[in-house]
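Below you'll find the structure, written out as structure tokens, and then a few comments.
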There are 2 protein chains.
Amino acid sequence: VIWWDGVMSPAEPFASDATLADVGEFGMIAALTGRFEQGEQVFVGPGDDAAVLRTPKGHVVVSTDLLVEGRHFRRDWAPARDIGRKAAASNLSDINAMGGTAHSLTVGLAAPSDLPVQWALDLADGIAEEAALVGASIVGGDLTLAKEVVIAVTVLGTCTLAPVLRSGAQPGDVVAIAGRQGWAAAGLAVLARGFRSPRALVEAYQRPLPPYAAGLAAAQAGATAMIDVSDGLLADVGHIAADSGVAIDVRRDSFELAEPMQAVGSALGVDPMEFILGGGEDHAIVATFAPDTTLPEGFTAIGTVADAGEEGAVVTVDGAAYAGPTGWKHY
Amino acid sequence: VIWWDGVMSPAEPFASDATLADVGEFGMIAALTGRFEQGEQVFVGPGDDAAVLRTPKGHVVVSTDLLVEGRHFRRDWAPARDIGRKAAASNLSDINAMGGTAHSLTVGLAAPSDLPVQWALDLADGIAEEAALVGASIVGGDLTLAKEVVIAVTVLGTCTLAPVLRSGAQPGDVVAIAGRQGWAAAGLAVLARGFRSPRALVEAYQRPLPPYAAGLAAAQAGATAMIDVSDGLLADVGHIAADSGVAIDVRRDSFELAEPMQAVGSALGVDPMEFILGGGEDHAIVATFAPDTTLPEGFTAIGTVADAGEEGAVVTVDGAAYAGPTGWKHY
């Protein structure tokens with residue numbers, strides 16, 4: 001995530017005593033947008049999955065995420081090793097979504113003094129294991145006491161091709177997805193109701209399996225825009241629509257409803273399509289391609305790009321507005 | 001800071017129910033040391049002021065720090081803008097200590113929902129202002145709710161010369177310092193007693209003035225080792241001694257006792273030399289140079305490097321062991 005990921009409106013003037021609660025995440029992020037001047041070396045600044053910097057000594061792609069206990073993870077919902085893997089995955093996925101390759105991570109850990117040492121070691125092992133999937137190392141970090149556990153991960157990488165931004169989708173393009181979608185959200189719903197099965201979904205929540213080869217493959221195939229699904233599918237497709245100034249329609253029938261998703265839908269009385277359309281945290285990759293493109297391995301077409309038209313850069317489902325949840329709310 | 005900054009001993013076997021409180025910061029850091037395999041691209045890994053990565057697309061110098069409210073800053077002891085400046089300074093200083101130049105920062109902010117928006121904006125402005133002193137930009141970040149304020153800063157930079165490590169000091173070298181030393185520690189002592197003056201010291205604590213030109217100048221002058229004083233002068237000189245396998249003697253009479261330092265010593269009944277020898281957070285730069293080197297502008301000789309001898313890589317003051325506080329304890 002890069003700070004104002006998904007901001008669509010300028011900052012409002014706030015009351016002088018306004019708090020974060022009054023303003024909300026997007027309001028606060030909008031207020032920060034534009035506050036920072038960008039140097040010449042900043043090729044891609046705030047607002048995409050990652051920033052891209054070009055310096056006389058080379059270039060670097062960077063992204064950062066904070067994970068807070070009770071908000072982004074619960075120690076009773078996943079083992080420390082999985083929390084570590086997930087913390088790394090969410091960052092590595094941002095580099096993936098630029099078409100880049102991650103090489104290094106830094107990890108900051110703030111934790112209470114009663115944190116079990118073994119928990120911290122398992123967390124660190126999980127981060128290192130996930131990083132090793134793409135050949136990246138943990139090169140440093142920081143450790144400090146705090147009231148609650150906060151994990152700060154920053155990932156660095158490189159792009160061998162031009163980075164694929166959110167802003168390049170063109171009318172007529174095909175929208176395609178790589179990786180599982182909705183499984184983590186379904187697993188979270190299961191855990192939130194106090195259940196532990198279907199096991200496949202709980203595990204999908206605890207340990208996502210981002211399609212790490214998909215980003216580079218999409219870039220090589222000429223993807224016009226790309227994003228990592230972390231906020232929720234429609235919310236993230238909406239980021240592409242907004243940044244590209246296009247309308248996007250997503251088709252329900254392009255998604256297969258795997259057996260565990262059907263089972264959880266029945267068990268919880270929820271349309272499993274809600275997990276697919278609204279879920280994030282699987283770190284699937286959504287990319288747009290010119291219509292004549294042969295989709296790279298692992299990608300499935302899920303929609304089409306059209307002119308923004310009178311309604312602006314909207315996202316529709318089967319041609320109509322979607323009333324269900326479209327994404328993950330942090331505030 | 002890079003995670004296990006200052007670790008001098010290997011990990012112990014811990015009791016299976018050990019907590020961070022049992023093990024301490026250094027113990028925990030030691031336990032993490034060596035747990036992470038380093039990839040080929042890692043030219044300088046954990047254990048110096050910053051990590052240095054060499055990739056086919058160039059190189060990058062990176063360091064990261066966490067600042068926790070009540071531990072690293074207090075909202076009633078400094079305005080938000082100064083807290084931002086200081087947060088940036090501590091990271092920029094780590095790049096300085098490698099002889100590098102910072103170009104980009106990412107900032108993660110975790111905060112309670114009742115945090116005033118203006119405080120967050122002022123914090124951000126302070127970070128950007130400090131970054132601008134060296135030509136760096138804030139290129140992205142993350143924002144989330146949490147119980148307490150945690151600021152995670154990661155800084156990226158480049159080295160135009162070979163990075164200057166902690167491990168290169170040679171017997172016979174001169175030890176020299178650039179920048180104010182002990183002022184921040186004296187200012188903190190003043191604030192901790194409930195005073196607000198001498199104003200110059202309080203301001204030095206609130207807003208350090210790191211010697212940002214000193215790192216590159218030292219590298220150009222052929223510095224053999226270098227470190228940023230953040231833990232405390234003798235503690236950080238000790239890192240050079242340990243990593244270089246040498247003994248270092250620091251001379252008290254090489255430091256001038258500026259008037260406010262004398263005043264605070266009298267007022268608080270403390271030998272002001274304790275602030276100089278034990279203080280960190282001014283982000284002074286300590287470097288070692290071959291004996292025939294003309295010290296770069298801004299550097300003052302404060303000691304000498306000798307063979308480690310029988311007592312090992314020790315730091316002495318005026319030829320004797322030092323009994324006062326040598327550094328900042330986070331745990």
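Since this is a predicted model, take the numbers as computed values, not measurements. Naming convention: chains lettered A, B, ... in sequence-line order (proteins, then strands); numbering from 1 in each chain.
Atom OG1 of Thr144(A) is separated from atom NE2 of His72(B) by 3.5 Å, given to the nearest 0.5 angstrom. Between Ile138(A) atom CD1 and Gln38(B) atom CD the span is 8.5 Å, to the nearest 0.5 Å. Remark: Asp142(A) CG to Asp65(B) CG distance equals 5.0 Å, nearest 0.5 Å. One distance of note links CG of Leu66(A) with CG of Leu109(B); it measures 8.0 Å at 0.5 Å rounding. Annotation: the span from Leu115(A) atom CG to Asp22(B) atom CG amounts to 11.5 Å, rounded to 0.5 Å.
In terms of heavy-atom pairs under 4.5 Å with chain B, the best-connected choice from Gln41(A), Glu69(A), Glu40(A), Glu129(A) is Gln41(A). Ranked by heavy-atom pairs shorter than 4.5 Å toward chain B, the options Gly70(A), Ala146(A), Ala131(A), Gly39(A) are led by Ala146(A). Chain A forms more heavy-atom pairs under 4.5 Å with one residue of Val52(B), Asp125(B), Val44(B), Leu67(B) than with any other, namely Asp125(B). Residue with the most contacts toward chain A among Ala132(B), Ala128(B), Ala18(B), Ala110(B): Ala18(B) (heavy-atom pairs, distance under 4.5 Å).
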Tell me which donor-acceptor pairs under 3.5 Å the side chains of residues 148-162 of chain B have, and how far apart each pair is, sequence neighbours excluded?
unit_1	atom_1	unit_2	atom_2	d
Glu148(B)	OE2	Lys147(A)	N	2.3
Thr154(B)	OG1	Thr154(A)	OG1	3.0
Thr154(B)	OG1	Thr64(B)	OG1	2.9

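Contacts of Leu121(B) with chain A are made by both backbone and side-chain atoms, with heavy-atom separations under 4.5 Å. For Leu53(A), the part lying near chain B is the side chain, with the backbone staying farther off; criterion is any non-hydrogen pair under 4.5 Å.
Closest of all the heavy-atom pairs between Pro112(A) and Leu20(B) is O-CD1, 3.7 Å.
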